[in-house]
Amino acid sequence: MAEEKGPNFLEEIVDRDLKAGKYQEIITRFPPEPNGYLHIGHAKSICLNFGLAKDFNGSTNLRFDDTNPVTEETEYVDSIKYDVRWLGFEWANERYASDYFDQLFEFAVRLIEKGLAYVDDSTSDQIAEQKGTPTKPGVNGPFRDRSVEENLQLFSEMKDGKYKDGSKVLRAKIDMAHTNMLMRDPVLYRIKHAHHHRTGDKWCVYPMYDFAHGQSDSIEGVTHSICTLEFVPHRELYDWLINSLEIFPSRQYEFARLNMTYTMMSKRKLLQLVNEKIVSGWDDPRMPTISGIRRRGFTPESIRDFCERIGVAKRDNMIDFGLLEFCGRDHLNKIALRRMVVMDPIKVVITNYPEGKTEQLPSENNPEDESTGSREIPFGNALYIERDDFMENPPKKYFRLSLGGMVRLKSAYIIKCEEVIKDSDGRVTELRCVYFPESKSGSDTSGLSVKGVIHWVSVAHAVEAEVRLYDRLFNTEDMGAIEDDFKNHLNSESLKIQKAWVEPEFRNAKADDRFQFMRTGYFCLDKESTPDKLVFNRTVTLRDMWAKEQKKG
RNA sequence: UGCCCGAUGGUGUAACUGGCAACACGCUUGAUUUUGAUUCAAGAAAGUCUAGGUUCGAGCCCUAGUCGGGCAACCA
């Protein structure tokens, strides 16, 4: 796990508030809108909100911000709850903004009575026009000075379904010339004759974000309402509403959202990838969604570690995708079971090993964890090794198998290649080798020393499987900065499906097992895997100094 | 031509709140290794956006700029 860091600015604020006796106990909330699946950026927010409460002995509510019935669905609610729990967090209360619709309506009435809100019959275009621009003040509309009585009646009629969608809105009465656009009489309620995933057809008026979020925070006694930077200008309105309503003063604090190289976080665009079948679903292992990352094989521990390492601040950031990979490897190294898998085979025949003979050779399951013990691997005279692990004419620093050269077969014997057999195209089809019986792993008396160790699998015992090799979904580093269609930036090589030959021990593989295919990468079983057809997802490759060395040329 | 945020090695985050700029990822080199993994050791890399000011002393405070981001949905 990450080293101790100094406190982030939010921890400082909470610490200060607690020490000053401002609160007995802090309450935070994680407030997703159930209109899509959670992604790694949400994981940052989850770790922050739940982590902060945990560290300071407070509590966290899970609250769905479900104020827009046309985009929200129960499927999303379920996936969000599953993801939060998978990450290792438990909420004190499961709440919905829609739980508060009655109360919120009451708040709106209160505002009208105080002369701080009015019903506006203008069209959205007219409202936008009256609003002005950031550099030009807005102007008052013709409905701004209706009487309290008239507003009360109209708002009540809005609720009763007397008006069509879009024909009227309730707006706060603040200041059309305010330098903050959000304070220019923001819309509080709009009419939507739509079915809501929880309240059904009870309502045809729904509160806007600004009139639901802060009020929900207040109702729940949330002390520290933490959101991302784009809500900074909303804070003034957040406070205005709380003050006008004279309700519990929750406070809003903002942090910079997560950006990651080669990654697109926009929910709308992720939905598009799903709808247009560019990916297999929200949980496609290439997706930055929590469900995708989970299916890819990352552990919740590694995601939490990642969120810890990236830190929390207010400046825009761009996290290297490599950091997530590092966190993935760091944990997987400790828990993954080592296995031998050959993905691009060359057949090796050991000419001095008796045909038909089989030996069972023990090999440790995880050198990082003695308690995982070892397994037996069958060895015979015909093996597969990786095509990459042989070169007829190797460069100086190559220390795998070459013609006339020696390598050790992991957990088995040292072999020497004596003959290369090729097809008519010159492609190597078979290597004929001899082995040294006295070089057996664990009881090597051969006196031979070789630099290279390679993995292998017995032809007679190998099990065929499918491996899915993933790479970044996009090949543009900063997907937030593109101006053209994001589909122009898709990486055509983000998924490669291959056959592989795996050791027979995999017959005992379980869904949650994590594996290290020795010398290649970390893998897990995909949900589509069956006992008859094993399917593996590559979570992340191993670090590869040799590949780096080769690139240098 | 407004208002609001922000600015520290390549990246991210720190700096006991005014006292020799640190940690992690990445990078380089070496050791160990029956995974070119892991582990271990060493190293390169910023003088803190700029210019002034306050101070014995400024990354931290003040002033003015510069640059980057956000704000004109009946989305959240």
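Each chain gets a letter, A, B and so on, in the order its sequence line appears, and its residues count up from 1.
- When the options A:D120, A:D185, A:D121 are evaluated for a salt bridge (Lys or Arg N to Asp or Glu O under 4.0 Å) with A:R144, the one that passes is A:D185.
- When the side-chain hydrogen bond (donor to acceptor under 3.5 Å, both in side chains) test is applied to A:R338, the partners found at least two apart in sequence or on another chain are A:N366.
- Each of A:Y118, A:F155, A:F101 was evaluated against A:Y189; a single residue qualifies, A:F155, per the ring pair (Phe, Tyr, Trp, His ring centres under 6.0 Å) test.
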Pull out every protein N or O sitting under 3.5 Å from an N or O of nucleotides 16-21 of chain B, one pair per line with the distance.
unit_1: B:U17; atom_1: O4; unit_2: A:E12; atom_2: OE1; d: 3.0
unit_1: B:U17; atom_1: O4; unit_2: A:E12; atom_2: OE2; d: 2.8

* Asked: Based on Watson-Crick and G-U pairs with both distances under 3.5 Å, what dot-bracket line describes RNA chain B 5' to 3', crossing pairs as [ ] and inter-strand pairs as |?
  -> .((((((..((((.....[..)))).(((((.......))))).....(((((..]....))))))))))).....
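- Applying the ring pair (Phe, Tyr, Trp, His ring centres under 6.0 Å) criterion to A:Y96, with sequence neighbours excluded, gives A:F64.
- For A:Y100, there are no ring pair (Phe, Tyr, Trp, His ring centres under 6.0 Å) partners, not counting sequence neighbours.
- Taking the centre and axis of the six-membered ring of A:Y206, the NZ or CZ atom of A:K192 falls outside the cone set by 45° and 6.0 Å.
- When the side-chain hydrogen bond (donor to acceptor under 3.5 Å, both in side chains) test is applied to A:K410, no partner is found at least two apart in sequence or on another chain.
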* Where along nucleotides 36-48 of chain B does protein come under 4.0 Å, by heavy atom, of base (B) or sugar-phosphate alone (S), with - for untouched nucleotides? -> BSS----------
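- With sequence neighbours left out, A:E72 forms a salt bridge (charged side-chain N to carboxylate O under 4.0 Å, His left out) with no residue at all.
- Checked against side-chain hydrogen bond (donor to acceptor under 3.5 Å, both in side chains), A:Q272 has the following partners two or more places apart in sequence or in another chain: A:E276.
- By the side-chain hydrogen bond (donor to acceptor under 3.5 Å, both in side chains) test, A:S45 pairs with A:N49, sequence neighbours left out.
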* Would you mind building the protein contact string for nucleotides 69-76 of chain B? One character per nucleotide, 5' to 3', B for base within reach (heavy atoms under 4.0 Å), S for sugar-phosphate only, - for untouched. => S-SB-BSB
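- With rounding to whole Å, A:L48 atom CG is found 13 Å from B:U13 atom P.
- For the salt bridge (charged side-chain N to carboxylate O under 4.0 Å, His left out) test, residues two or more places apart in sequence or in another chain that qualify with A:E230 are A:R257.
- Between B:C25 and B:C67, the two C1' atoms lie 27 Å apart (nearest whole Å).
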